[in-house]
A.B. asks: 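Would you mind keeping the following structure in view while I ask a few things?
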Protein chains: 2
Amino acid sequence: MTEKEQRKATIYDLSVKSGASASTVSAVLNGTWRKRRISEETANRIILLAQEHKYTANQQARALRSSRSGLAGLLLPIYDTRFFSTMAQTFEAQARKRGLMPVVVAGRRDPEEERRTVESLVAYSIDLLFIAGATDPDGVHKVCARANLPHINIDLPGKLASSVISDNRQGAKALTLAIIRHAQQAGPLTADDVYMFGGRDDHASRERIIGFHAAKAEIFGTCLGDDMESTGYSPSITALAFERFYERHGLLPRCFFINSSVNFEGLLRFMSKHDGEVFGDIVVGCFDYDPFGSFLPFPVYMIRPNISEMLEKGFELLDSAEDAPRIVLIEPQLVLPRTALEGPLDELKDSVTSV
Amino acid sequence: MTEKEQRKATIYDLSVKSGASASTVSAVLNGTWRKRRISEETANRIILLAQEHKYTANQQARALRSSRSGLAGLLLPIYDTRFFSTMAQTFEAQARKRGLMPVVVAGRRDPEEERRTVESLVAYSIDLLFIAGATDPDGVHKVCARANLPHINIDLPGKLASSVISDNRQGAKALTLAIIRHAQQAGPLTADDVYMFGGRDDHASRERIIGFHAAKAEIFGTCLGDDMESTGYSPSITALAFERFYERHGLLPRCFFINSSVNFEGLLRFMSKHDGEVFGDIVVGCFDYDPFGSFLPFPVYMIRPNISEMLEKGFELLDSAEDAPRIVLIEPQLVLPRTALEGPLDELKDSVTSV
DNA sequence: CTAGGTTGCACAATCGATGGTGCACGCACA
DNA sequence: TGTGCGTGCACCATCGATTGTGCAACCTAG
């Protein structure tokens, strides 16, 4: 009420000022007061008082007592990729919509660090965890299981908990078909002209490779050749892979599939080292979406995973609290070259102060 | 010890198993045991026991008692911009290095939402807060002050708390000079050929405008013309601004300055609506860095704020706990076209499982 | 042999919210 | 007048860790 109250108000402060007991105040302010047969009059009085004093419950105390913290965790490998930062943004919005406080953390693609990170989330008694692209989902699962923490895999599946992932196989096939057809417009194409860079031994990469080969088979017939460079999720290693290819062949493949935007950055690094050189009519497909990537000086087809639907589904699965691990596939979107899609940014009401 | 302990171990469990009191266990495990004159032998015994049981302290309880939660907050306007996602990534690393748990939240450029968001962080008793690009830094400041929460502004200054920001004026001037010089290589240029898009009435935009005009003045002499479109931080409004300019002039400016990557996306949207049309030899400067943006089919000069140094300095300021608000300027970096800089990603040890 | 100091730890209050339980009061009914 | 029930609330233990304080037991010096 007065401008200067030094400490944050507690239910005890409100108890004194209202004449009611602390438990009554607590019940009123957490909504259980009808169940506890508090009169509407008392409730209103306390609610008003709470507003005057800008009371907000101490979440630590609440969590300690009720062992529900109101925290919702999202474990990411990294942040600074369009895919993961959009996921963080979307997760934040959806968690808040559910009255949860989002806590986003990064495991940096290191199984040990992932586990430690989740351990520390557990120490904060988070209520649920989304595991997005963990290197070792099942290792993380064990930590969650020990702590009795509801959790779900997003984007990369685990065997021990339910997962919501993109349909990597279909997406990769559609992407590969798209770049092949585009490249064919510039002249005949052989299977050797169609290459893949990036990926490693995880579920997403394996599925994409299957889709990639399925598309090639559909166009060229079965062909098992040397048509891939597995580079992990490292820009610099990907750049080296392009470098090697370039040294061997004197040019880049006419048409290639890049496994993620992180690997795509490797192509940029390669190109900046060869500035001035022209790379002919390459056609690129990238299993990821980035608006700037879509406008590069060569045709770039991209795949945008449906992040918002994946998260939505994830929350649903957690709510339904099924026991048997399920895998839900979400269809990603093929994005044509030079396309600037709308994103979470567009939902902001941004005021323009001068025009 | 045994595989199946259903609940997480507490100091009381360890107290029973070790024969020591709970307070002794607590002191041993939080490092204050020397001060409490616990014998090294007892300490070791308890530490061993804790490891066996994978004990980790309940942070809620610790926070409740000591009113230090170990949480470090970062308030962002949004996530999915290279600038802010890199900031999140860097903040996370630096907070962890200091033994804090990073909590990143987004205020969505809405003063009201910013305040509510910080209120809820306060409810979790966070120990410190970085405010990055708040729309209303001083409004947020008041919330922090009421809660006695140490905080600091990053990237956009406030009047009431210390701030660490980029040198927007110098950066904008360098950027403007760079694009003008580049454009001059293609033929003579007048002041009217040099335009600015984006920004609104905040400190960063104002400083950048000053730098922009300073550079123009240096090249063309003083000239106060109609050379700006203020569009806020909205891609769609920026796209409209380009559209309007294009309708009036039949082309884009030879040379223009875009206030941020969010506005840059507006240019992409404009371009995707005019696909096939060629926009001549435009030269673009963007006050933000995005690796894909750097490789677009026209020269793009970019400015990369030194995020890691800003955060580092921010932590230092918080540690030094000065009272008078200070403003620290950090020099940003001019990035030439077609440059793929390394980022936090490169610090990850990514294993390649197959080559 | 005792006063005084040190060592090594236990005890108990406390942080703020929650929720089970108990109890006084009022009213209706027999 | 006594019994029974519904209403409206207060009391108190509890969550797990922290921390000020107290106190045996032992040692040392005089």
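Letters go in sequence order (proteins before strands), and every chain restarts at 1.
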A.B. asks: Between A/Tyr124 and D/dG16, is there a side-chain N or O to OP1/OP2 distance below 4.0 Å?
C.D. replies: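 Checking A/Tyr124 against D/dG16: no side-chain N or O falls below 4.0 Å of OP1 or OP2.
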
A.B. asks: Go through it in stages, so that I can follow the logic: the residues are A/Val140 and A/Leu75, the test is side-chain contact (heavy atoms from CB on, under 4.5 Å), and I'd like the CA-CA distance, side-chain angles, deciding distance and then a yes or no.
C.D. replies: CA-CA 10 Å; A/Val140 174; A/Leu75 176 68; 4.2 Å; yes

A.B. asks: In whole angstrom, give the distance that lies between atom CD1 of B/Ile38 and atom P of C/dC9.
C.D. replies: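 Computing the B/Ile38:CD1 to C/dC9:P distance gives 6 Å.
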
A.B. asks: Return the value, rounded to whole Å, for the distance between atom CG of A/Leu64 and atom C1' of C/dT18.
C.D. replies: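 My rounded result for the distance is 10 Å.
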
A.B. asks: Any idea how A/Phe315 and A/Phe91 line up, ring-wise: parallel (<30°), tilted (30 to 60°), or perpendicular (>60°)?
C.D. replies: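 Correct class here is parallel.
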
A.B. asks: Nearest whole Å is fine: how far is D/dG8 C1' from A/Arg45 CZ?
C.D. replies: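 Value for this atom pair: 12 Å.
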
A.B. asks: Would you kindly give the CZ-to-P distance between A/Arg36 and C/dA17, to the nearest whole Å?
C.D. replies: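 One finds 15 Å between P of C/dA17 and CZ of A/Arg36, rounded.
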
A.B. asks: With nearest nucleotide decided by heavy atoms, which residue, B/Arg65 or A/Arg37, maps closer to the 5′ end of DNA chain C?
C.D. replies: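 Per heavy-atom nearest nucleotide, the more 5' residue is B/Arg65.
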
A.B. asks: How many whole angstroms separate atom NZ of B/Lys35 from atom C1' of C/dT7?
C.D. replies: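 Whole-Å distance recorded here is 17 Å.
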
A.B. asks: Within the distance-only criterion (no hydrogens, no angle test), does the side chain of A/Ser163 pair as donor or acceptor with the backbone N or O of A/Ile154 below 3.5 angstrom?
C.D. replies: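 Not a single qualifying donor-acceptor pair exists.
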
A.B. asks: Can you list every pair that meets salt bridge (Lys or Arg N to Asp or Glu O under 4.0 Å) and has a residue in residues 147-163 of chain A, with sequence neighbours left out?
C.D. replies: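 Of all non-adjacent pairs touching residues 147-163 of chain A, those that pass salt bridge (Lys or Arg N to Asp or Glu O under 4.0 Å) are A/Asp138-A/Lys159.
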
A.B. asks: Base, sugar-phosphate, or nothing: which does A/Ser67 touch, judged by heavy atoms less than 4.0 Å apart?
C.D. replies: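 It contacts nothing in the nucleic acid.
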
A.B. asks: Under a 4.0 Å N-O cut-off, is there an ion pair linking A/Glu119 with A/Arg116?
C.D. replies: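 Between A/Arg116 and A/Glu119 there is no salt bridge, as every charged N stays at least 4.0 Å from the carboxylate O atoms.
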
A.B. asks: In whole angstrom, give the distance that lies between atom CG of A/Leu14 and atom P of C/dT18.
C.D. replies: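 Spelled out: CG on A/Leu14 to P on C/dT18 is 12 Å.
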
A.B. asks: Starting from P on C/dA17, measure out to CD1 on A/Ile46 and report it in whole angstrom.
C.D. replies: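 A/Ile46 atom CD1 is separated from C/dA17 atom P by 13 Å.
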
A.B. asks: For C/dC9, take OP1 and OP2 only and decide whether either is under 4.0 Å from a side-chain N or O of B/Ser39.
C.D. replies: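 Yes, within the criterion.
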
A.B. asks: Which of residues 16-34 of chain B have a heavy atom under 4.0 Å from DNA chain D?
C.D. replies: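 The answer is B/Ser23, B/Ser26, B/Asn30.
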
A.B. asks: Taking CG from B/Asn58 and C1' from D/dA17, how many angstroms apart are they, rounded to a whole number?
C.D. replies: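 Rounded to whole Å, this separation is 8 Å.
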
A.B. asks: Do NZ/NE/NH1/NH2 and the carboxylate oxygens of A/Arg98 and A/Glu312 come within less than 4.0 Å?
C.D. replies: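 Answer for the salt bridge query: yes.
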
A.B. asks: Charged N to carboxylate O under 4.0 angstrom, A/Glu114 versus A/Lys142?
C.D. replies: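 Looking at A/Glu114 and A/Lys142, the cut-off is not met.
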
A.B. asks: Using OP1 and OP2 only, check whether a side-chain N or O of A/Tyr12 sits under 4.0 Å from C/dT18.
C.D. replies: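 So the side chain of A/Tyr12 is outside the cut-off, no N or O lying under 4.0 Å from OP1 or OP2 of C/dT18.
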
